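Accompanying notes for the structure given below.
Read the numbers this way: they start at 1 and go in the same order the structure lists the ligands and their atoms. Since the model is a prediction, treat every value here as computed from it, not as a measurement. Residue indices begin at 1 and follow the sequence shown.
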Amino acid sequence: MQHSPRIVVIGAGAAGLNVAARIRRVAPQHAVTIIEPAEHHFYQPLWTFVGGGVFPRERSRRDMADVIPDGVRWVREAAGEFKPDENLVITHSGERLGYDALVVAPGIQINWRAIPGLKESLGTQGVCSNYSYDSVNSTWEQLEALRSGEAIFTFPTTPIKCAGAPLKIMFLAEDYLRRTGSRAAVNVRYRCGVGTIFRAPKYAQELVKIAAARAVDVRYKQDLVALRPDSREAVFRDTDSGNELVEKYTMIHVAPPMGPPDFIKQSPLADGAGWVEVDKHSLQHVRFPNVFSLGDASSLPTSKTAAAIRAQGPVLTANLLAVLRGQAPRARYLGYTSCPLVTGYGRLMLAEFDYDLQPCETFPFDQGKERRSMYLLKKYLMPTLYWQGLVRGRNWPWPIPEFGLPRA
Ligand SMILES: Cc1cc2nc3c(=O)[nH]c(=O)nc-3n(C[C@H](O)[C@H](O)[C@H](O)COP(=O)(O)OP(=O)(O)OC[C@H]3O[C@@H](n4cnc5c(N)ncnc54)[C@H](O)[C@@H]3O)c2cc1C
């Protein structure tokens, strides 16, 4: 007798959960296994608000056991090795799991140690970061304590998850200082490792204007390469000239360098840069047809966000099930991603764009403007859409503003 098709999913983040839940709903006869070592799942988009003092960090965390879809087997450890020619994944403890189709979604790796001085000082001596559950409270602590001096916000040269997040916390901090009467005594500086404030030009133009109107000192191609916590100095390298510049800080919010997880980089699934090498439209691996990837660990050349996963999940699911039926993958992802760019308490510009960085907006008004309604959407509606929709593999109450997306 034939066994039911076995699908193994690596990672129970936004991406892995979305796909696992979808498959359980549309093809319950399939045996789905998730490999995931963490005891908690995090709604990371909330960390912007946690760092800005709006929500306690506990609101972003749920027990993993509560979000793993019913009927899915959970292997509580890390995947370590791939043997795609034998359709095998091997876990850290040596368990060998065979599959008919594999979904690889272990997220992005944060390389805290790539900046000397960062890991040791994180959460103390003015150093903070919204980029982990452990450090996110330190952002609000530093901000609340800040009365005068230099507040620096960094953006690295590597790909990162939510490329808007370093900007959002900078704008929230600036607004907080203004509201509490300390703004005149604090220089707010944004140090960007790359040459633009945001990739999609429509929103970048507005962000540059907003930063100028708020007297933020923005510099480009300044890559944070070291911290000297004892003297509260940040060392930047100018990516054009290679020269080093040292700046004093009272507080510094660091968006750390990131990259593909080491175990992916060292695997046969990786592209030259270390990401899971998939076709950018079908999400199918370019060498192993029964392997798929989405989310932050994938090679998809779009901004790494949970919002992008909302559009990738249905495409991947439809294509994976087609391949298991012996059909060609026909569903196409066109690069949809979104970034709710918080520009202050009560203000937000909702960026939505595709692979060509062209806007593909949901609402029938110009989303390139700061709006209170969009802030309320992020603060109150998006958490519900995440917990009730994304991680449960359900579609949004409104369609993705992208032509031709099939639904699974
Ligand atoms: C501060 C901040 C703000 C953000 N703001 C937004 C926003 O406003 N909007 C938005 O859309 N997105 C935002 N994001 C980005 C969003 O959270 C990520 O893009 C999304 O979570 C990526 O999902 P993922 O499943 O690919 O990775 P993750 O959600 O990071 O999950 C990866 C999972 O894989 C597991 N894993 C790792 N290694 C292994 C292994 N070896 N074996 C098995 N499992 C493994 C991990 O434990 C984890 O559970 C933000 C992120 C941050 C940090």
Would you please classify the geometry between the [Y] ring and the [X] ring as parallel, tilted or perpendicular, with 30° and 60° separating the classes?
X: Tyr131; Y: His253; value: tilted
X: Phe82; Y: Phe263; value: parallel
X: His285; Y: Phe288; value: tilted

Measure [X] to ligand 1 on non-hydrogen atoms and call it side chain, backbone, both or neither using the 4.0 Å cut-off.
X: Gln44; value: both
X: Phe42; value: neither
X: Ile309; value: side chain
X: Ala105; value: backbone

Any atom of ligand 1 sitting under 4.0 Å from a heavy atom of [X]?
X: Lys378; value: yes
X: Pro261; value: no
X: His41; value: no

Out of Ile35, Leu17, Ile160, whose heavy atom is nearest to atom 43 (C) of ligand 1?
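Residue with the shortest heavy-atom distance to the ligand atom: Ile35.
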For Asp296 and ligand 1, does the shortest N/O to N/O distance drop below 3.5 Å?
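Yes, since at least one N or O of Asp296 sits under 3.5 Å from an N or O of ligand 1.
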Contact between Val315 and Asn319 at the side-chain level, heavy atoms closer than 4.5 Å - yes or no?
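In contact.
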Would a 4.5 Å heavy-atom cut-off, applied to side chains only, mark Val72 and Thr33 as touching?
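With C-beta onward as the side chain, the pair stays apart.
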Heavy-atom contacts with [X] under 4.0 Å: which atoms of ligand 1 show up? List them by number with element.
X: Pro37; value: 43 (C), 44 (N), 45 (C)
X: Lys304; value: 19 (O)
X: Phe263; value: 40 (C), 41 (N)
X: Asn130; value: 1 (C)

Is a salt bridge present between [X] and [Y], judged by a nitrogen-to-oxygen distance below 4.0 Å?
X: Glu39; Y: Arg61; answer: no
X: Asp85; Y: Lys83; answer: no
X: Arg73; Y: Glu36; answer: no

What residue and atom, counting heavy atoms only, is the protein's closest point to atom 50 (C) of ligand 1, and at what distance?
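Going atom by atom, the protein heavy atom closest to atom 50 (C) of ligand 1 ends up being Cys162 CB, 3.3 Å.
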